[in-house]
Amino acid sequence: MKKPIKCVGLAASPRRNGNSTILLQEALRGAADAGADTELLLLNNYRFSGCLSCDGCFKDGECVINDDMQIIYKKILEADRLALAAPIFSMGMCSQGKAMIDRTQRFWSTRYILKRDVIPDRDRRPQRKGIFISVAGSGHKKVFDGAIQVAKYFFLMLETEFLGEYCYQEIDGKGIILNYPRILKEAYTAGFNLAGPPHVR
Ligand SMILES: Cc1cc2nc3c(=O)[nH]c(=O)nc-3n(C[C@H](O)[C@H](O)[C@H](O)COP(=O)(O)O)c2cc1C
């Protein structure tokens, strides 16, 4: 029997049961209903540093830092679908999400220094796809602009087609998103569509 596609959710919020993580869980529920194998990673449960800018990855595309990012790299490389959820802190993506993305410098190095594919077997796998989920407490018009650019960069470095962002404003108190069934449904549908009509690889 062929394997179902793998959908990995990356939750960057440090808040347990925070708004963006709840939306991500809804998206993963949708993806599971569309036939995907799903896995939720709470970044706050992993210990990793920011990029040291040591250029160690210029040699072979590997990161020389031996911390929990090595586990996360493996998960994101194995995924066919990625859903990244990160709230807005200080007008940008929260630091946990940004630190993880900075550590994808090894993939930048693979593409632009070593001029190799980041996903070596990508021709034999389904097209990789991803979505970005975010929430912000304020109603500031440009509050998501920076985070969306960072998320797009992340998906580009991972040779992953960006399907879109799902960003919601004036969502502040812990778990308050549960009062918005329309938004929860939208996240579920985004996850369902991310996994697509039952795919196999
Ligand atoms: C350190 C910190 C900085 C924040 N900065 C902003 C901000 O610049 N703009 C904004 O609209 N909301 C800001 N917020 C509010 C969060 O975006 C909001 O509470 C959101 O619902 C948190 O999502 P979460 O529950 O998924 O962690 C900030 C919250 C924290 C803790």
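No experiment lies behind these values; they were computed from the predicted model shown. All ligand and atom numbering here is 1-based and tracks the order in the structure.
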Any atoms of ligand 1 less than 4.0 Å from a non-hydrogen atom of Ile171? List them with their elements.
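What qualifies from ligand 1 is 18 (C), 20 (C), 21 (O).
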Can you find a non-hydrogen atom of His140 under 4.0 Å from ligand 1?
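It does not; every heavy atom stays at 4.0 Å or beyond.
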Ligand 1 N/O within reach of [X] N/O, cut-off under 3.5 Å:
| X | value |
| --- | --- |
| Phe89 | no |
| Ser138 | yes |
| Met91 | yes |
| Gly137 | yes |

Between Asn19 and Tyr168, is there a side-chain donor-acceptor contact under 3.5 Å, judged purely by atom types and distance?
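The answer is no; no qualifying pair exists.
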Here's one to test your reading of the geometry: is the NZ or CZ of Arg106 within 45 degrees of the ring axis of Tyr73 and under 6.0 Å from its centre?
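Pair Arg106/Tyr73 counts as cation-pi.
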Which one holds for Val143 and ligand 1: side chain close, backbone close, both close, or neither close, with close meaning a heavy atom under 4.0 Å?
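Val143 to ligand 1: side-chain contact only, backbone stays beyond 4.0 Å.
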Taking all heavy atoms of Lys174 and all of Arg16, pick out the closest pair and write down the distance.
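Heavy-atom minimum between the residues: CE-O, 2.9 Å.
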Is Arg29 paired with Glu26 through a side-chain N to carboxylate O contact shorter than 4.0 Å?
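Yes, charged N to carboxylate O under 4.0 Å.
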Ionic contact status for Arg122 with Asp80, cut-off 4.0 Å
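Salt bridge flag = no for Arg122 with Asp80.
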